[in-house]
Amino acid sequence: MATVIGKARVEEPAAAPVKAPRRKHAGIQSHYPFWFYLPAGVVYAVLFLVPTFIAFYFSLTRWGLFSQEFIGLDNFRQFFNEPGLLQGLKNSLIYGVITSALKVVLGLLLAVLLTSQIIARGWLRSVIFFPVLVSTIGVGITFTILMNPQQGLINKTLEVFGIHGPGWLTNPSLAIYSVALVDVWKGVGLATVIYIAGIVSIPRDYFEAAEMDGATAFERFRHIILPLARPATVTVIILSLIGGLRSFDLIWAMTGGGPGFSSDVIASVIYKQYQAGFYGLSTAGNVILFFAVTLIVLPIFWALNRKQVDM
Amino acid sequence: MNKAGSRASRYWLGGAALVVTAVVFVVPFIFILFMAIKDRKQSSLLDFSLPTSNNLISNIVEVIKSRDYMLVTAFINSTILTVASVAGMVVLGAMVAFVRQRRYSRWNRLVDLLVLSGLIIPPAVVPTIWVLQKLGIFRTLPGLILIEIAFGLSFTILLFQAFISTIPKELDEAAILDGAGPFRLFFRVIFPLLKSVVVTVIVVQSVFVFNDFVNPLYFLPGDDNATVQLTLFNFKSQFTTEWNLLFTDILLITVPMLVLFIFFNRKIVEGMTAGAVKG
Amino acid sequence: MAGVTFDAATRVYPGSDTPAVADLDLQIEDGEFLVLVGPSGCGKSTSLRMLAGLEAVDDGRILVGDRDVTHVSPKDRDIAMVFQNYALYPHMSVGDNMGFALRISGVGTDEIARRVAEAAKILDLEPYLDRRPKSLSGGQRQRVAMGRAIVRRPRVFLMDEPLSNLDAKLRVQTRTEIAALQRRLGVTTVYVTHDQVEAMTMGDRVAVLKDGVLQQAGTPRELYDRPVNAFVAGFIGSPAMNLLEFGAEDGGVRFGGATVPVERSVLAAHPRLLLGVRPEDLEVGDRGLPVEVDVVEELGADAYVYGHAVLDGGPANVVARVRGRSLPAKGALLRVAPRPGSTHLFAVGDGARLG
């Protein structure tokens with residue numbers, strides 16, 4: 001998806017400055033009227049652009065139920081000084097990195113497996129993809145039970161092998177990782193189908209040529225699939241990073257940010273401060289999330305897309 | 001490696017993959033089903049076990065009845081929300097994608113930037129509520145519909161744009177020579193050709209909107225007009241001892257997605273992976 | 001009906017320095033079939049699209065009849081166009097495709113049906129009116145595209161390589177059909193192609209373009225017999241005219257053992273010359289330029305001999321047509337000389353015709 005944009009840009013070197021003189025009849029351009037942008041533009045501007053911009057101002061105010069005053073950067077100072085809030089930022093980063101890394105690795109492996117000649121291929125693809133379509137809250141509740149330290153299926157199973165399972169969601173240093181694993185469970189299907197689409201689109205000639213050259217299965221993976229599925233990797237990384245950094249519902253359904261603040265992420269901090277009536281602080285969280293996402297995703301987007309153009 | 005050997009290893013690899021996948025991806029759904037069948041007492045054990053008695057029907061009836069038929073209201077609300085916002089996305093998104101793809105202009109880069117922003121930037125919660133309040137549509141279904149449209153437009157535009165680029169421009173030109181104005185060109189000639197991608201957009205965005213939890217939580221709070229995802233959350237605090245009912249609710253709101261998936265599997269996968277391949 | 005006039009029409013694409021079409025002056029008579037021909041990128045399609053109104057005119061004027069249409073929107077120019085890929089509306093039936101323009105302009109349903117039926121009859125499309133374009137063969141689709149243009153009864157037909165998506169046999173057949181149809185309807189037609197055979201067989205007149213500049217416009221016979229420059233000479237005719245560079249000598253150029261006489265004034269101004277001679281104008285004999293045979297292409301009645309000769313400027317390829325019975329073998333040495341009066345002379349630098 002993200003690569004669609006990259007492509008559009010490559011396709012149009014004509015984005016050079018226009019110097020054609022303006023005339024009464026400019027070809028057929030008038031048949032593509034700009035007012036077609038209007039309805040979408042209004043909805044988008046009013047409900048997305050305007051709030052995004054005023055967020056910068058709101059984040060500089062103390063704003064409760066009854067009053068609003070300008071306090072400069074105090075909200076941000078508070079954010080970075082209170083361990084409970086700072087933990088949210090850290091957790092968001094951990095969560096984003098872990099989920100996207102695991103989705104890339106597992107998605108690619110599953111895709112390679114599911115494009116080879118194995119039995120029940122179609123069925124497996126469907127089964128892996130289906131969780132993508134299921135309610136996140138539903139998944140969260142289900143796994144909360146499955147991860148229950150005493151009765152949960154996961155620890156019961158581990159017990160069979162003589163392992164004493166941890167308190168997945170009750171151990172403060174483990175909770176965020178456990179939720180991330182569930183996120184991967186739910187989302188790896190999308191990564192897999194993106195990779196499958198990428199692998200399927202590689203021309204068969206390459207594989208046949210490699211076979212003629214006597215390449216082993218691993219060499220085919222290393223030298224053909226891996227480099228040529230690069231656009232898919234870009235998409236998976238960017239999609240999972242965007243999703244992971246702003247993730248809220250799964251964490252909220254499973255731990256509510258707990259125990260304590262141990263599994264809070266920025267998005268849950270935003271919600272908690274909003275509920276508590278600290279609107280300015282909540283919006284400061286939004287601004288921080290904005291910077292976190294753009295500063296991490298945009299450079300990756302540009303770096304990966306540029307290399308891809310060179311290829 | 002000889003042929004027989006490779007076939008055997010394939011067989012074992014497939015078998016192993018089948019078993020592992022089944023365990024990892026199917027067991028949670030079986031668990032949901034089992035919990036929804038169990039009675040209250042057995043479900044409170046939280047373990048993975050065969051139900052001792054079949055209570056599925058009575059559980060469903062009880063879930064539907066609870067809180068004054070909240071789930072029924074929620075299904076109606078979610079349906080209206082999904083249909084209206086997806087319809088809005090399709091029409092508005094296709095119009096933007098059409099002009100963006102066909103017309104060469106200095107605005108193209110700005111449009112691209114805005115589309116990209118809509119994909120990446122997380123919406124700011126409190127300021128959005130503030131705007132909704134100023135417009136008098138906070139806590140209303142129309143307000144939430146517009147929100148879903150605003151947030152879903154970017155992805156919709158990308159899907160449409162990629163598709164429109166495959167329609168030969170000569171078709172536009174033929175229509176223009178035939179005397180079609182912008183409106184007729186779009187709605188009579190181009191839009192009918194978008195049928196297959198429209199189906200994709202509808203299915204994919206329906207999944208997103210129907211499963212959306214965060215936006216209803218913020219912009220449509222309150223039990224009166226809950227959406228299905230919020231019922232889960234509300235029930236979770238209410239049914240702390242009635243796990244069977246909570247899981248019946250999960251089961252009920254998963255069924256529409258399962259139906260959608262069975263009928264539109266290919267379209268969904270196609271839409272969600274669009275553009276990833278060809279780059 | 002009306003003629004068409006390009007009056008110094010120019011098109012410069014945004015972001016480009018050189019014009020795609022530069023100062024095009026061309027007068028097309030009422031009812032005439034004019035073919036625009038040239039290699040790809042020569043500006044022939046752009047010229048056609050300027051006339052259609054699909055491309056802006058940056059300078060100059062375009063007239064249909066006496067009316068200046070330079071700034072008129074495409075639909076008001078009273079023209080119809082047949083596209084290379086036909087551009088049929090996939091979601092409409094064949095009948096609806098042909099009637100779409102009429103419906104837009106508010107013509108009554110009965111009248112639309114009558115005119116569509118009429119066009120369908122001319123084009124043998126009657127059994128297919130309710131079908132979708134997708135279910136038709138390439139040739140049928142091509143005819144639907146023609147029908148869509150005919151139904152509108154425009155003052156000018158525009159055709160942009162309408163045959164290039166057909167297979168070779170069908171192309172030849174359709175070529176004659178289109179030419180016959182145009183003569184029957186008598187509608188002014190501008191036809192774009194890159195295929196010079198198509199241009200020569202179909203057009204009342206042919207206009208050759210290169211790099212956005214009109215080289216020559218004239219009847220096929222004029223272009224063949226008196227090309228104004230080396231480019232037109234080489235472009236028109238297949239196999240192409242032999243263009244051989246010689247140094248001028250006393251009284252003419254020495255073609256091996258033979259001498260081709262050249263006017264004294266021309267010789268004085270041009271120490272070196274391009275001598276053009278068509279393959280069928282080369283005669284095999286005892287005197288003349290020695291040519292070593294590389295390939296012989298047999299066509300039955302006669303054959304083309306492809307070989308190479310050594311000139312003072314270096315080796316050059318030579319093609320000659322010979323009778324089909326006694327063919328030279330590969331590697332044989334022939335002596336060829338032009339039939340008297342059949343040669344063309346061009347300047348070496350700009351290729352302009354001399355004399």
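In what follows, chains carry the letters A, B, and so on, assigned in the order in which the sequence lines appear, proteins first and then strands, with residues in each chain numbered from 1.
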Non-hydrogen atoms of chain A under 4.5 Å away: do they reach the side chain of [X], the backbone, both or neither?
X        : answer
B/Ile121 : both
B/Asp47  : both
B/Phe208 : neither
B/Leu153 : side chain
B/Val204 : neither
B/Leu185 : side chain
B/Ile129 : side chain
B/Ser154 : side chain
B/Leu251 : neither
B/Val207 : side chain
B/Ile157 : neither
B/Val228 : neither
B/Lys134 : neither

Are any side-chain N or O atoms of [X] and backbone N or O atoms of [Y], one a donor and one an acceptor, separated by less than 3.5 Å?
X        : Y        : value
A/His31  : B/Ala175 : no
A/Asn286 : B/Val126 : no
A/Gln29  : B/Arg103 : no

Parallel, tilted or perpendicular, judged at 30° and 60°: which one describes the rings of B/Tyr218 and A/Tyr274?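 If you compare the ring of B/Tyr218 with that of A/Tyr274, the planes turn out perpendicular.
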In terms of the angle between their ring planes, are B/Trp107 and A/Phe34 parallel, tilted or perpendicular, with boundaries placed at 30° and 60°?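 If you compare the ring of B/Trp107 with that of A/Phe34, the planes turn out perpendicular.
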Between [X] and [Y], which heavy-atom pair has the shortest distance, and what is it?
X        : Y        : result
A/Arg246 : B/Ile120 : NH1-O, 3.0 Å
A/Phe48  : B/Pro123 : CE1-CA, 4.2 Å
A/Ser30  : B/Pro182 : O-CG, 3.9 Å
B/Pro28  : A/Thr142 : O-CG2, 3.9 Å

Taking the six-membered ring for Trp and the single ring otherwise, decide whether the centroids of B/Phe213 and A/Trp252 are under 6.0 Å apart.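 Between B/Phe213 and A/Trp252, the centre distance exceeds or equals 6.0 Å.
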Applying a heavy-atom distance below 4.5 Å, give me the residues of residues 89-99 of chain B that approach chain A, sorted by number.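 Listed by number: B/Leu92, B/Met95, B/Val96, B/Phe98, B/Val99.
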